[in-house]
Amino acid sequence: MELTKPSSPWGHETVIPASGVIACGWDQDENVVLISGSGYSMTEPITGSRIHRAYDANTAYDSISEDNLFFTMGKKKLLIILHLYYMTRLCLKWI
């Protein structure tokens, strides 16, 4: 089998360092949201540009719903992926 370059849009690659992430998800605009013990961040997945970073851990924990399914940021409700909960080292890579 010969390796070939992926066709568009699969040729894009974005690496988002995510050490200490306890949960992640995305908003309706498909921006990646990472939640950690030091707060949360929102990143545009194609460019890797950080849109927002909040360094308040208490606000991040308080924003997770009691059933651990939703993260509320302002008026937005973001679905988080539970199988990433409590991971200590993670690097998300989109290809």
Side-chain angles (χ1 to χ4, degrees):
M1 176 189 248
E2 183 179 335
L3 294 177
T4 60
K5 183 177 179 180
S7 61
S8 183
W10 308 111
H12 291 286
E13 178 176 294
T14 303
V15 177
I16 303 172
S19 195
V21 167
I22 59 171
C24 77
W26 54 92
D27 66 4
Q28 71 258 13
D29 298 323
E30 297 188 10
N31 295 311
V32 177
V33 177
L34 301 177
I35 305 164
S36 71
S38 63
Y40 65 91
S41 66
M42 181 182 288
T43 304
E44 200 281 320
I46 298 296
T47 65
S49 298
R50 185 176 289 160
I51 298 167
H52 180 73
R53 175 69 167 105
Y55 291 96
D56 185 358
N58 290 328
T59 299
Y61 283 119
D62 292 344
S63 297
I64 298 174
S65 66
E66 293 215 8
D67 60 5
N68 295 324
L69 293 177
F70 294 95
F71 180 77
T72 305
M73 191 169 63
K75 295 180 181 180
K76 296 181 179 182
K77 270 198 168 179
L78 307 172
L79 184 65
I80 60 174
I81 301 169
L82 292 177
H83 69 273
L84 296 178
Y85 216 69
Y86 296 116
M87 291 188 80
T88 56
R89 290 188 64 77
L90 169 71
C91 186
L92 300 176
K93 183 175 180 179
W94 277 265
I95 298 177

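No experiment lies behind these values; they were computed from the predicted model shown.
The distance from atom CD1 of Ile35 to atom CD1 of Ile64, rounded to the nearest 0.5 Å, is 5.0 Å. The CE atom of Met42 lies 8.0 Å from the CG atom of Asp29; values are rounded to the nearest 0.5 Å.
Residue Thr59 comes nearest to Ser63 through the heavy atom pair O-OG, 2.7 Å, listed as atom of the first residue, atom of the second, then distance. Across all non-hydrogen atoms, the minimal contact from Ala23 to Val21 is O-CG1, 3.2 Å. Across Asn31 and Glu44, no two heavy atoms sit closer than the pair OD1-CA, 3.6 Å.
Aromatic ring pairs are classed by plane angle as parallel below 30°, tilted from 30° to 60° and perpendicular above 60°; the pair Tyr40 and Phe71 is perpendicular.
In this structure, the side-chain hydrogen bond (donor to acceptor under 3.5 Å, both in side chains) partners of Ser38, at least two apart in sequence or on a different chain, are Ser36, Arg53.
Proximity of Leu34 to Ser41: side-chain heavy atoms (C-beta onward) are separated by under 4.5 Å at one or more points.
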